[in-house]
Amino acid sequence: MSAATLFNPTRQTRVLPGFGLSLGYTLVYLSLLVLIPLSAVFLKTATLGWSEFWAVVTSPRVVASYKLSFGASLLAAGINAVFGLMLAWALVRYTFPGKKLIDALVDLPFALPTAVAGIALTALYAGNGWVGSILEPLGLKVAFTPLGVLVALVFIGVPFVVRTVQPILEDLETELEEAAASLGAHRWQTFTKVILPILLPALLTGFALAFARAVGEYGSVIFIAGNIPMVSEITPLMIITKLEQYDYVGATAIATVMLVFSFALLLVINLLQAWSAKRTGRNR
Amino acid sequence: MAAAGVLHGRADARRYENNAATRETPWVKWTILGISLAFFALFLLLPLVAVFTEALRKGWVTYLTALSDEDALSAIKLTLITAAIAVPLNLVFGVSAAWCIAKFQFRGKHFLTTLIDLPFSVSPVVAGLIYVLMFGAHGWFGGWLAANDIKIIFAVPGIVLATVFVTFPFVARELIPLMEAQGREEEEAATVLGASGWQTFWRVTLPNIKWGLLYGVILCNARAFGEFGAVSVVSGHIRGQTNTMPLHVEILYNEYNFAAAFAVASLLALLALVTLGLKSFIEWKAGQQSKESE
């Protein structure tokens, strides 16, 4: 079956040329670079028996890495949901000097290479760093502990919540708040009963995006984590460790677990975005 | 899955502050502002400042020596080559994907859009691994590649492939919503008036999408320069041969050569700042363009 018959345009209004060419090129390029290579992970895992697979993905060191990766990622996404909402609110609702610059710098974690972020955060939070030298006398060690992993994951997740909440907040009609105020609602009531329900789907989407990104993150984490087995090893590092031991099957088995999880999360994010679009009347 | 719905203007905040129904009492306002700015300073500003201070800690001479080191120069060159291949590939793909998705109706369209976004939800480490499984010594094509003396993994082609994968959706995801919003009336008019497909694209579509296109290219380029995890898996870390800038930063850092590591890192941080500057400029330009057309 050719691509043209599978994806036959449903409406007969094809005045514009180039449908077959652009769709064909898109499908070939997508298949060669993304779909076929990704299927290699599942096919390689299939060469492993179920019991072998299960033994690899539930070995104590790997399970410890799931706990750290998922736990720290959830916590980091939660921290970003709270502070990202505040930052988005400040950027939309208040005037203050340097606002444009701060607005632009919110995207820094997208633009700054993860390895650069990793060594910068390590320098800051190590015992002799600017932040570390304040925290360590208080008994709080950040660099080379699970707490360091959390700091790195908060850093890379900052833009997700801010950038999903900000446009919704900008489009919010002031009439809603005026109506609430004229009916006698306190500001806090207006926020929790009127504004928050509208923002909620976007906030959850931002949370889920930050979480998804954090689980797979590697570059910014490995420098600050210290990578102590059973304590501060993240799951992507387990894949690297297996690869360095030439244990390709083991690495692939863990990658399968991560992929299945990512795809499930992608589905959740798509549902959240659909919900958000429905609630706010925005496309996307 | 990066920043959602990006090209929009920023409204003036004073309309909220001058309206009794939409403003907070001063202490609430200053608390929110204080906390969010402290969060910004601690997590975003401080790491950025740290890169440059650490890079210049031992003075300009050490800084410039670190950057003119032979291995550093070859890392810079390899990074430039990688971006110069990966970005145009994904640019052509992005335009092609956006053309068929935004201008035509067909079954499976939504599914196709999701598939294009897939690389964003894959861990960079897994992105590197998949090419090792395909082209590595024990991979699907490993035997054939070895017999024909072609090296992909632990060589430049592998680095390019991994970079193409992680930057795959950038251009497409900017263009699809933009071209969908613009509809197809203008292109249909041009076609009906006798313009060929390419003429329509160059003279009608391209001027309409140029800012969105540039936006996607800039983000794609920043990621291509900075990718670490995926490239780390396929590179083999051969100094002077398969080290990109981020990998070179790692090697120097692990050798406790912090000044040199931060010197190379500062170049990448500068690029990040240029990227953000251009991004703001494009957002401003695109905002003007949409105002004019209204």
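Chain letters run A, B, ... following the sequence lines, proteins first and then strands; every chain starts at 1.
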Visitor: Select one option (side chain, backbone, both, neither) describing which atoms of A:A181 are under 4.5 Å from chain B's heavy atoms.
Guide: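 Only the side chain of A:A181 comes within 4.5 Å of chain B.
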Visitor: Tell me if a side-chain donor or acceptor on B:Q199 pairs with a main-chain N or O of B:S196 at a distance below 3.5 Å.
Guide: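 Yes, the answer is positive, given that a donor and an acceptor are paired below the 3.5 Å cut-off.
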Visitor: Between A:V82 and chain B, with a heavy-atom cut-off of 4.5 Å, which part of the residue counts as in contact: side chain, backbone, both or neither?
Guide: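 It is neither, since no heavy atom gets under 4.5 Å.
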Visitor: Highest number of heavy-atom pairs under 4.5 Å with chain A: which of B:E24, B:R14, B:E250?
Guide: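 Counting heavy-atom pairs under 4.5 Å, the top option is B:E24.
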Visitor: Is it true that a side-chain atom of B:E187 and a backbone atom of B:A190 form a donor plus acceptor pair closer than 3.5 Å?
Guide: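 Answer holds: no.
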Visitor: Can you tell me which of A:I119, A:I240, A:L259, A:L176 forms the most heavy-atom pairs within a distance under 4.5 Å of chain B?
Guide: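 Option with the top pair count is A:I119.
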Visitor: Taking side chain as everything from C-beta outward and backbone as N, CA, C, O, which of these in A:F191 sits under 4.5 Å from a heavy atom of chain B? Side chain, backbone, both or neither.
Guide: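 Neither part.
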Visitor: Report which part of B:F93 has an atom under 4.5 Å of a heavy atom belonging to chain A: side chain, backbone, both, or neither.
Guide: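 Both backbone and side chain of B:F93 come within 4.5 Å of chain A.
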Visitor: If you count heavy-atom pairs within less than 4.5 Å of chain A, which of B:L129, B:T200, B:I116, B:V95 leads?
Guide: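 Top option by heavy-atom pairs under 4.5 Å: B:L129.
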Visitor: Test your reading of the model: is there a side-chain donor-acceptor pair from A:S262 to the backbone of B:S121, 3.5 Å cut-off?
Guide: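 Flag set: sc A:S262 to bb B:S121 pair under 3.5 Å.
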Visitor: Using heavy-atom distances under 4.5 Å, tell me whether B:R223 contacts chain A through its side chain, its backbone, both, or neither.
Guide: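 Neither part, no heavy atoms under 4.5 Å.
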Visitor: In sequence, state the C-alpha distance, the side-chain angles, and the governing distance for B:Y16 and A:Y94, and then conclude on ring-ring contact (aromatic ring centres under 6.0 Å, His included).
Guide: CA-CA 8 Å; B:Y16 298 108; A:Y94 305 141; 9.2 Å; no
Visitor: Please confirm whether the ring centroid of A:F160 lies under 6.0 Å from the ring centroid of A:F110.
Guide: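 Ring-ring flag for A:F160/A:F110: true, centres closer than 6.0 Å.
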Visitor: Who wins among B:A222, B:P47, B:G197 for the most heavy-atom pairs under 4.5 Å with chain A?
Guide: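 Ranked by heavy-atom pairs under 4.5 Å with chain A, first place is B:P47.
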Visitor: Determine, using ring centers only, whether A:F211 and A:F261 are less than 6.0 Å apart.
Guide: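 Between A:F261 and A:F211, the centre distance is under 6.0 Å.
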Visitor: Given heavy-atom pairs under 4.5 angstrom as the criterion, report whether the side chain, backbone, both or neither of A:Y246 touches chain B.
Guide: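 Neither part; nothing is under 4.5 Å.
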Visitor: Tell me whether the count of non-hydrogen atoms from other residues, nucleotides or ligands lying under 6.0 Å of NE2 in B:H237 goes above 12.
Guide: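 More than 12 within 6.0 Å, yes.
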Visitor: Side chains of residues 269-278 of chain B: which donor-acceptor pairs under 3.5 Å do they make with residues two or more places apart or in other chains?
Guide:
from   : atom 1 : to     : atom 2 : distance (Å)
B:T275 : OG1    : B:L271 : O      : 2.7

Visitor: For A:A117, which atoms come within 4.5 Å of any heavy atom of chain B: side chain, backbone, both, or neither?
Guide: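 Contact with chain B is absent: no heavy atom of A:A117 under 4.5 Å.
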Visitor: Heavy atoms only, distances under 4.5 angstrom: which of A:W188, A:F223, A:Y248 has the most pairs with chain B? Name it, please.
Guide: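 Top count of heavy-atom pairs under 4.5 Å with chain B: A:F223.
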Visitor: Could you have a look at B:K29, B:E180, B:R23 and say which one has the most heavy-atom pairs with chain A under 4.5 angstrom?
Guide: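 Winner by heavy-atom pair count: B:K29.
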Visitor: Checking A:L243 against chain B: side chain, backbone, both or neither under 4.5 Å from a heavy atom?
Guide: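 Looking at A:L243, just its side chain touches chain B.
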Visitor: Look at A:V41, A:L121, A:I239, A:L105 and state which one has the largest set of heavy-atom pairs under 4.5 Å with chain B.
Guide: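 Greatest number of close heavy-atom pairs with chain B: A:L105.
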Visitor: Under 4.0 Å between a side-chain nitrogen and a carboxylate oxygen: does that hold for B:E54 and B:R57?
Guide: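 B:R57 and B:E54: salt-bridged.
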Visitor: Using a cut-off of under 4.5 Å on heavy-atom pairs, state which of B:P124, B:P119, B:A261, B:G226 scores highest against chain A.
Guide: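 Sorted descending by pairs with chain A, the first entry is B:G226.
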Visitor: Chain B: which of A:L38, A:V162, A:I36, A:I254 shares the most heavy-atom pairs with it under 4.5 Å?
Guide: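 The candidate making the most pairs under 4.5 Å is A:L38.
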Visitor: With a 3.5 Å cut-off and sequence neighbours excluded, list the donor-acceptor pairs that the side chains of residues 15-30 of chain A form with protein atoms.
Guide:
from  : atom 1 : to    : atom 2 : distance (Å)
A:S22 : OG     : A:G18 : O      : 2.7
A:S22 : OG     : A:F19 : O      : 3.3
A:T26 : OG1    : A:S22 : O      : 2.6
A:T26 : OG1    : B:S96 : OG     : 3.0
A:T26 : OG1    : B:A97 : N      : 3.4
A:Y29 : OH     : B:N90 : OD1    : 2.8

Visitor: I'd like to know if the side chain of B:H248 and the backbone of B:V264 have a donor-acceptor N/O pair within less than 3.5 Å.
Guide: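 No, the answer is negative, given that no donor and acceptor are paired below the 3.5 Å cut-off.
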Visitor: Determine, stepwise, if the pair A:E177 / A:R93 fulfils salt bridge (Lys or Arg N to Asp or Glu O under 4.0 Å).
Guide: CA-CA 13 Å; A:E177 288 162 66; A:R93 294 290 174 119; 2.8 Å; yes
Visitor: Does any backbone or side-chain atom of A:L35 lie under 4.5 Å from a heavy atom of chain B? Answer side chain, backbone, both or neither.
Guide: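 Contact with chain B is through the side chain of A:L35 alone.
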Visitor: Counting only non-hydrogen atoms closer than 4.5 Å, does B:L89 touch chain A with its backbone (N, CA, C, O), its side chain (CB onward), both, or neither?
Guide: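 Both parts, heavy atoms under 4.5 Å.
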Visitor: Side chain, backbone, both or neither: which part of A:T190 has a heavy atom under 4.5 Å from chain B?
Guide: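 Nothing of A:T190, per the 4.5 Å heavy-atom cut-off to chain B.
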Visitor: Picking from B:V28, B:L118, B:V233, B:I101, which has the most non-hydrogen pairs under 4.5 angstrom with chain A?
Guide: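 Looking at each of B:V28, B:L118, B:V233, B:I101 in turn, B:L118 comes out on top.
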Visitor: Report which part of A:W130 has an atom under 4.5 Å of a heavy atom belonging to chain B: side chain, backbone, both, or neither.
Guide: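 The side chain, not the backbone.
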Visitor: Measure A:F155 against the heavy atoms of chain B and call it side chain, backbone, both or neither at under 4.5 Å.
Guide: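 Contact with chain B involves both backbone and side-chain atoms of A:F155.
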Visitor: Under 4.5 Å from any heavy atom of chain B, what part of A:L267 do you find: side chain, backbone, both or neither?
Guide: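 No part of it gets close to chain B.
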Visitor: Just checking B:F39 against B:F43, ring centres under 6.0 Å apart?
Guide: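 Yes, ring centres under 6.0 Å apart.
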Visitor: Does any backbone or side-chain atom of B:T53 lie under 4.5 Å from a heavy atom of chain A? Answer side chain, backbone, both or neither.
Guide: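 Just the side chain, heavy atoms under 4.5 Å.
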Visitor: Would you call the rings of B:Y131 and B:F135 parallel, tilted or perpendicular, taking 30° and 60° as the class edges?
Guide: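 Ring orientation of B:Y131 relative to B:F135: parallel.
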Visitor: Are the side chain of B:K103 and the backbone of B:R184 linked by a donor-acceptor contact shorter than 3.5 Å?
Guide: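 Not confirmed, B:K103 side chain does not pair with B:R184 backbone.
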Visitor: Would you say B:K279's side chain and B:I218's backbone share a donor-acceptor pair under 3.5 angstrom?
Guide: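 Here the side-chain-to-backbone pair does not exist.
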Visitor: With only heavy atoms counted, which part of B:T22 is less than 4.5 Å from chain A, the side chain, the backbone, both or neither?
Guide: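 Backbone plus side chain of B:T22, per the 4.5 Å heavy-atom cut-off to chain A.
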Visitor: Just give me the residue among A:T114, A:L265, A:T252 that pairs up with chain B most often, heavy atom to heavy atom, under 4.5 Å.
Guide: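 The residue among A:T114, A:L265, A:T252 with the greatest pair count is A:T252.
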Visitor: Would you say the side-chain atoms of A:R187 pair up with the backbone N or O of B:A21, donor to acceptor, closer than 3.5 Å?
Guide: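 Side chain of A:R187 to backbone of B:A21, a donor-acceptor pair under 3.5 Å: yes, one is there.
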Visitor: Shorter than 4.5 Å, heavy atoms on both sides: which option in A:T235, A:V158, A:I195, A:V215 has the most such pairs with chain B?
Guide: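 Highest number of heavy-atom pairs under 4.5 Å: A:V158.
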Visitor: Less than 4.5 Å apart, side chain to side chain, heavy atoms only: is that true for B:L219 and B:T167?
Guide: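 Side chain of B:L219 against side chain of B:T167, heavy atoms only: no contact under 4.5 Å found.
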Visitor: Side chain, backbone, both or neither: which part of A:I222 has a heavy atom under 4.5 Å from chain B?
Guide: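 For A:I222, the contact with chain B is made by the side chain alone.
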Visitor: Quick one: what part of A:L124 sits under 4.5 Å from any heavy atom of chain B, side chain, backbone, both or neither?
Guide: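 Contact with chain B involves the side chain of A:L124 alone.
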Visitor: For A:P236, is it the side chain, the backbone, both, or neither that has a heavy atom closer than 4.5 Å to a heavy atom of chain B?
Guide: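 Both parts, heavy atoms under 4.5 Å.
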